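Just so we're clear, the structure is a prediction, and the values are computed from it rather than from any experiment.
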Amino acid sequence: MKKKDILFLKETLKERKQIAILIHYNPDGDAIGAALALSEYFTSKKHKVAIVSPNSFPDFLQWMKGADKIIIATEDSDSATKKIKTADLIFCVDFNAANRIGLLENALIDASGIKILIDHHVAPANIFDIYYSVTAVSSTSELIYNFLFKKLDTTACLTKTIAEHLYVGIITDTNSLRNSCNNYSTYTIIGKLVKTGINAEQIQQKIYNNYSESRMRLLGHCLLNRFHVLYDYATSYIYLTQEDLMRFSYKQGDTEGFVNFGLTIKNIDFTAFFVERKDRIRVSFRSKNNFDVNEYARKYFNGGGHKNAAGADSFMSMDETLEYFISTLKECKIRK
Ligand SMILES: [Mn+2]
């Protein structure tokens, strides 16, 4: 982030502003945590803040303080677009391209407020006014910590509520510090968060030990009947059809983390998880070692993300998508 941008924001925020915080479609713990932390801080500085999400978010995040005030565009599209239209400042967190916010895409592009990107995905789109885009961090929540307490307001107080939000973001985006966990600074920040007195153990319980029975049955079905291993390509994949989801009374967030199981097998470096949605197949890619799934997702699926975690949409049928996926593997050197 440029020095002049920080100075500009400091100056601008001296007056009371209308702030919209925008997060991506199917928001995860990092998006929600980062947005709530920003909102908590700006609200404490007397700004008028609204968090806008394109659609609803999983049950295991509903307990978070302020989560009930998030405006969900699929439920109230008028207020969602109005908040974006009338905002002086629009913070876009945990995504970097307009196609990640579903129906709010045009509202963002047409908005006259200053658009500030805070994000850790590669290759941000050229639609923002201010960029704080760093890929070598665990999560957007880590960037929010740096933004608030190291750049914008070095005397700001790290409250327990903000610490709780950022802790959720870092933990969920790193699969409890299993991924993106080689940076010393991530642990330093976590130490500071825990020092505020948050109950980290209880937060982990709320996130990871709070599933429904049907979600566990769906996982069982996935691993037994929908999981394929292609040893020749060091690849595995899981797919779920609409029928599967209905059979196990799928609720949003239920498949969170399923993709990671594909990588837990020895000598498997690449895994994909395909879920049939109403109008598309949502695909998640994960890798270990050197295989770059961001590059892969961009090249073959018009998607993107990070080196070891990326996503994309396919507009073919499930059968066609899987067939295409397998055909691409022949061209890729997954295990060098
Ligand atoms: Mn993230």
Side-chain angles (χ1 to χ4, degrees), residues 1-25 27 30-54 66 69-73 76-135 137 139-156 162 165-166 169:
M1 197 173 206
K2 291 187 194 124
K3 268 221 171 85
K4 74 168 182 27
D5 291 336
I6 298 160
L7 287 174
F8 169 79
L9 285 175
K10 275 186 183 170
E11 207 45 50
T12 308
L13 288 161
K14 277 182 183 159
E15 275 167 41
R16 196 161 176 239
K17 294 288 174 195
Q18 289 230 37
I19 297 175
I21 301 169
L22 200 50
I23 53 181
H24 56 79
Y25 193 82
D30 189 26
I32 299 279
L36 288 173
L38 262 188
S39 166
E40 180 76 17
Y41 170 81
F42 286 133
T43 307
S44 78
K45 298 289 172 197
K46 309 285 178 242
H47 298 290
K48 255 186 103 46
V49 189
I51 301 176
V52 181
S53 174
K69 294 192 189 77
I70 295 176
I71 298 166
I72 313 282
D76 189 354
S77 97
D78 287 351
S79 352
T81 42
K82 198 177 153 211
K83 291 291 178 193
I84 297 170
K85 207 175 165 183
T86 56
D88 305 305
L89 299 168
I90 306 166
F91 284 87
C92 299
V93 300
D94 204 37
F95 70 94
N96 64 15
N99 65 6
R100 292 286 290 125
I101 52 171
L103 297 170
L104 297 173
E105 188 170 343
N106 288 330
L108 175 65
I109 290 168
D110 297 341
S112 57
I114 297 151
K115 296 160 197 163
I116 304 123
L117 175 76
I118 304 183
D119 178 61
H120 67 133
H121 297 86
V122 293
N126 198 9
I127 54 166
F128 305 96
D129 301 304
I130 293 178
Y131 289 78
Y132 185 31
S133 165
V134 183
T135 55
V137 290
S139 54
T140 297
S141 295
E142 186 173 330
L143 287 178
I144 296 289
Y145 178 90
N146 293 337
F147 171 68
L148 288 180
F149 303 104
K150 289 190 185 161
K151 295 182 187 296
L152 189 69
D153 186 354
T154 47
T155 60
I162 292 179
H165 295 327
L166 296 178

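By the side chain to side chain contact (heavy atoms under 4.5 Å, CB included) test, Lys2 is found to be paired with Lys4, Asp5, residues two or more places apart in sequence or in another chain being considered. Not counting sequence neighbours, Tyr41 has no partner by the ring-ring contact (aromatic ring centres under 6.0 Å, His included) test. Applying the ring-ring contact (aromatic ring centres under 6.0 Å, His included) criterion to Phe95, with sequence neighbours excluded, gives no partner residue. Every residue two or more places apart in sequence or in another chain that forms a ring-ring contact (aromatic ring centres under 6.0 Å, His included) with His120 is listed here: His306. Every side chain to side chain donor-acceptor pair (under 3.5 Å) that Asp119 has, sequence neighbours left out, goes to Asn96, His121. Every residue two or more places apart in sequence or in another chain that forms a side chain to side chain contact (heavy atoms under 4.5 Å, CB included) with Lys151 is listed here: Met1, Ile6, Tyr132. In this structure Ala80 satisfies the side chain to side chain contact (heavy atoms under 4.5 Å, CB included) test together with Val52, Ile71, Ala73, Leu104, sequence neighbours excluded. Tyr25 is linked by a ring-ring contact (aromatic ring centres under 6.0 Å, His included) to nothing, counting only residues two or more places apart in sequence or in another chain.
A donor-acceptor contact shorter than 3.5 Å is absent between the side chain of Thr154 and the backbone of Lys150.
Shown here for Ala37 and Leu148, the closest heavy-atom pair between the two residues is O-CD1, 4.3 Å. When all heavy atoms of Ala111 and Ile90 are compared, the closest pair comes out as CB-CD1, 3.5 Å. Contact detail for Asp94 and Ala31: the closest heavy-atom pair is OD2-N, 3.5 Å. Pairing each heavy atom of Ile101 with each of Ile23, the nearest pair is CG2-O, 3.6 Å. Of all heavy-atom pairs spanning Glu40 and Ile162, the tightest one is CG-CG1, 3.5 Å. Closest heavy-atom contact between Asp129 and Gly113: OD2-O, 3.9 Å.
Leu89 places a side-chain heavy atom less than 4.5 Å from the side chain of Leu13. The closest side-chain heavy-atom distance from Ile116 to Cys92 is not below 4.5 Å. Ile118 is listed as a side-chain neighbour of Phe91, based on a closest heavy-atom distance under 4.5 Å. A 4.5 Å side-chain heavy-atom check between Ile130 and Leu117 finds every atom pair outside the cut-off. Residues Ser141 and Leu143 fail the side-chain proximity criterion, which asks for heavy atoms closer than 4.5 Å.
Atom NE2 of His47 is separated from atom OG1 of Thr12 by 9.5 Å, given to the nearest 0.5 angstrom. The CZ atom of Phe147 sits 13.0 Å away from atom OG1 of Thr140, with the distance rounded to the nearest 0.5 Å. Ser39 OG to His165 NE2: the interatomic distance, rounded to the nearest 0.5 Å, is 7.5 Å. The line from CD1 of Ile21 to CZ of Phe42 is 6.5 Å long, rounded to the nearest 0.5 Å.
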message: What verdict does the side-chain contact (heavy atoms from CB on, under 4.5 Å) test give for Asn126 and Tyr131, after you've listed the backbone C-alpha separation in whole Å, the side-chain angles of each residue and the deciding distance to 0.1 Å?
response: CA-CA 10 Å; Asn126 198 9; Tyr131 289 78; 3.7 Å; yes

message: Under the criterion side-chain contact (heavy atoms from CB on, under 4.5 Å), I'd like the reasoning laid out for Leu36 against Ile70: C-alpha separation, chi angles, the key distance, then a yes or no.
response: CA-CA 9 Å; Leu36 288 173; Ile70 295 176; 4.3 Å; yes

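Shown here is Ile109, whose CD1 atom has more than 12 heavy atoms of other residues, nucleotides or ligands within 6.0 Å.
Residue pairs meeting the side-chain hydrogen bond (donor to acceptor under 3.5 Å, both in side chains) criterion with at least one member in residues 104-117: none, sequence neighbours excluded. Sequence neighbours left out, not one pair with a member in residues 81-91 passes side-chain hydrogen bond (donor to acceptor under 3.5 Å, both in side chains). Screening residues 16-25 for salt bridge (Lys or Arg N to Asp or Glu O under 4.0 Å), with sequence neighbours left out, gives Glu15-Lys17. Sequence neighbours left out, the pairs with a member in residues 41-53 that pass salt bridge (Lys or Arg N to Asp or Glu O under 4.0 Å) are Lys45-Asp153.
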